[in-house]
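Structure first, commentary second.
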Amino acid sequence: MGKWRRLFAQALMVGTGILVALSGATTSVFANADGTTNVKNDKVTVKPVHGVTTNSIRGVDISSLQAELNAGVQFYDYNGKKQDILQTLEDSGVNYVRLRIWNDPFDSEGHTYGGGDATLTNEVKTAKDATAHHMKVLIDLQYSDFWADPAKQALPKAWKNYTFDQKKQAVYDYTKKVMTTMKNAGVDIGMVQVGNETTKGMMQESDPAKYMQFISEGVNAVHKYAPGALAAVHYESPTASSFAKIAAELKTNKVNYDVMGATYYPHWNGPDSNLIGAENVITKTYKKKFAVMEMSYPYTTDDMDGQPNIVGDISNPPYKISVQGQADAISDVWKTVMQNGNGKGLGAFYWEPAWIPVKAGWDNYQYNRDASIKYGTGWATQYAAEYYDDAGLTDAGANVNQYWGASSYDNQALFDPNGYPLQSLLTFKKMITYNYVSKNAKKPVDRYKVSKKTAYAYSFKGSNDSFTFKKAFVLSALKSFYKIDKAEYIVKTNGKTYLYYHITSGKKSGWIWHSYLKKYPNKITKTTKVSYKHRYMVKNKKGNVYGFQGDSKDFQFVTLHYLKNYPRTHFTVTRKTYVKKYNGKTYKYYYVHSTNGKVHGYVWHGYLK
């Protein structure tokens, strides 16, 4: 999010710090927050998304959570009962949490800069809670004391007078400190983001040959002190050309990263072809993993805390401004990432779904502003301006002075202004595809026997788009030879594709992984030419004329003609072929052709006279 725009007559700072908004209106749209709480009951329809499995990252950024909780904000479950928000997120299908960390977001007198009070201490608390709820944690190290994005990458105050080499060492040491602190707290670190939206530079350095050395130091520290975690880099405004340029610079500067992260807000960074182009470059050309680090979408344009929203009235919105539209935006972003990543798409993170008002109601602006000063709950406080001014980022400082206050993001949350979860939050669970049929396979005509009797045949519970396996019967119950009724390629929850065969035996019916069945082919054991031409006719109008499809050691019978249709036709035999069939018995077949040449093929000798 690198462009500066106006919101009505104002500019607001959002999550990563950009002062942007999309609106054609000239005045803010204010509404009493109580009038919007009914949206928590709005139902949503979410179809399973092929490619989104239980292993896909279905993450949320809740960096502001501790500030909200410290200010007294309460969250509820879907039944209206108070509940730990991490439990609600887990119940809703979230499996990953992203947490930004600023070095020292306070002025010399201890006043918070706001922005969710994203200190190491606070984020450790959230990270421990996330780990306890079976979630992995992505640590977003911004190497700044406040918002870092393409428009501003201010050095931490403590590093202001460092030499270039000292800054490199500081990045390494600080990364080590955070990794060690998190690991000692028992946090399950899944990924570490080295820098935030470093498209135009990092730590007030814009030369790629220099600032990428900072990134490299951070990546190296991640690999050493959190060896099980992925090291990620992060850029905004994804396109094929921009990400190709960035990836080339990273390669030239020998940055050993694992994951390329992108900022992708459908209303700012669309269409999705931009994201697809960037992802293909990273995953196909550079063989790196890919994830969307930030996305969100508004469910309303109403203001709910007195602070105008970063996203106002969107002209030509890509989705409806509704709870359903929010769910659609979520599932579409995950669909794009998981279906266009050449097997290296990891998933995505929804940005700040819990950044709701401390006290709901636009007429509670002063209350929410005061809470921001005390707890850091708003996007900024007035104390952040001096930090940006000292860093030479006077435009950022001026905007802080003019527009600091409460949350400008509440209308994009996945909780209503009073802490009740919206149904769109359930998209994280509903979009999972547990198993699905990718395509029908060609049905084999071989005969089969069971090769692993302790395995099971299964029935599919659900639809072809998403189903679970249910045991039907143990394979030891199959005693004889069987034909395949159907064959399908199935993508399972681990993302891998398996071939399954369907068998029916009496009242038993089930799907079996093809490797648990052994094929019994037909084989040609001997062929003898017939030197004389003896004519034959059909006996009892039985049998068929066959073709042999395959080679002599493994072939199938293909019906070409029915003998009953040729009761008076004379056939000439030209050779005798002995076939050892799947059941181990050997049969003699004649190769015949009709006198007019229209019918020819193999016939079991007993059907001719």
Only counting residues at least two apart or in another chain, list the ones meeting side chain to side chain contact (heavy atoms under 4.5 Å, CB included) with A327. V44, V46, Q324, S424, T427

Is any side-chain heavy atom of K136 closer than 4.5 Å to one of N95? no

Can you name the ring-ring contact (aromatic ring centres under 6.0 Å, His included) partners of Y365, sequence neighbours left out? none

Using a cut-off of 6.0 Å, state whether more than 12 heavy atoms not belonging to Y367 lie near its atom OH. no

If you count the non-hydrogen atoms of other residues, nucleotides and ligands that lie under 6.0 Å from NZ in K157, is the total more than 12? yes

Of K284, K288, K287, which is the lone residue that meets side chain to side chain contact (heavy atoms under 4.5 Å, CB included) with K344? K287

With sequence neighbours excluded, residues passing ring-ring contact (aromatic ring centres under 6.0 Å, His included) with Y264: none

Would you please name every residue forming a side chain to side chain contact (heavy atoms under 4.5 Å, CB included) with T163, sequence neighbours left out? D165, Q166

Taking the side chain as everything from C-beta on, heavy atoms only, tell me whether L99 gets closer than 4.5 Å to D140. no

Report all side-chain donor-acceptor pairs from residues 206-217 shorter than 3.5 Å, counting only partners two or more places apart or in another chain.
residue	atom	partner	partner atom	Å
D207	OD1	A209	N	3.1
Q213	OE1	K168	NZ	2.9
Q213	NE2	A209	O	2.9

Side-chain donor-acceptor pair present, T198, H234, cut-off under 3.5 Å: no

Close side-chain approach of E236 and D149, heavy atoms under 4.5 Å: no

Does the N368 side chain pair with the main chain of P357, one donor and one acceptor, at a distance under 3.5 Å? no

Between Q66 and N122, do the side chains contain an N or O donor and an N or O acceptor separated by less than 3.5 Å? no

Any luck finding a side-chain donor-acceptor pair between Q193 and R100 under 3.5 Å? no

How long is the straight-line distance from NE2 of H223 back to OG1 of T175, given to the nearest 0.5 Å? 12.0 Å

So do the side chains of V259 and L346 get within less than 4.5 Å of each other, counting heavy atoms only? yes

Quick note, ring-ring contact (aromatic ring centres under 6.0 Å, His included) partners involving residues 302-342, not counting sequence neighbours, are Y297-Y319, W334-F428

Using side-chain heavy atoms (C-beta onward) and a distance below 4.5 Å, is R58 in contact with V94? no

Excluding sequence neighbours, so at least two apart, what forms side chain to side chain donor-acceptor pair (under 3.5 Å) with D129? H133

As an exercise, state the distance from CD of Q326 to CD of Q423, rounded to the nearest 0.5 Å. 11.5 Å

Contact summary for V281 and A244, nearest pair of heavy atoms: CG1-CA, 3.7 Å

With no hydrogens and no angle check, just 3.5 Å: does a side-chain donor-acceptor pair link N340 and N280? no

Taking only residues two or more places apart in sequence, or in another chain, which ones meet Y225 in a side chain to side chain donor-acceptor pair (under 3.5 Å)? none

Distance, nearest 0.5 Å, that separates CD1 of I62 from CG of L89: 5.5 Å

Is it the case that the side chain of D145 and the backbone of D104 share a donor-acceptor pair, with hydrogens and angles ignored and the cut-off at 3.5 Å? yes

How close do K128 and A185 get, heavy atom to heavy atom, and via which atoms? CG-O, 3.7 Å

Side chain to side chain, K289 and T283, heavy atoms closer than 4.5 Å: no

Tell me which one of D302, D410, T301 satisfies side chain to side chain contact (heavy atoms under 4.5 Å, CB included) with N309. D410

Side chains of Q307 and D303 only: does a donor on one sit below 3.5 Å from an acceptor on the other? no

By side chain to side chain contact (heavy atoms under 4.5 Å, CB included), which residues pair with S372, not counting sequence neighbours? T377, T381

Under 3.5 Å, is there a donor on one side chain and an acceptor on the other for Y265 and E294? yes

Centroid separation under 6.0 Å, is that true for the rings of Y383 and W404? no

Any chance the side chains of W102 and Q142 put a donor and an acceptor closer than 3.5 Å? yes

With sequence neighbours left out, the residues meeting ring-ring contact (aromatic ring centres under 6.0 Å, His included) with Y387 are Y113

Taken in chain and number order and not counting sequence neighbours, the residues that satisfy side chain to side chain contact (heavy atoms under 4.5 Å, CB included) with A170 are W159, Y162

More than 12 non-hydrogen atoms from neighbouring residues, nucleotides or ligands closer than 6.0 Å to CD on E386, yes or no? no

Sorted by chain and residue number, the ring-ring contact (aromatic ring centres under 6.0 Å, His included) partners of F415 (sequence neighbours excluded) come out as F75

If I compare all heavy atoms of L155 with all of Q204, which pair ends up nearest, and what's the gap? N-OE1, 2.8 Å

Could you give the distance from NZ (K152) to CG (N399), rounded to the nearest 0.5 Å? 8.0 Å

Taking the side chain as C-beta and beyond, is there a heavy-atom pair between L422 and D42 under 4.5 Å? no

Only one of Y409, Y350, W355 passes side-chain hydrogen bond (donor to acceptor under 3.5 Å, both in side chains) with S296, and that residue is Y409

Which heavy atom of W379 sits nearest a heavy atom of V400, and at what distance? CH2-CA, 4.1 Å

How many angstroms lie between atom CD1 of I356 and atom CD of E68, to the nearest 0.5 angstrom? 6.0 Å

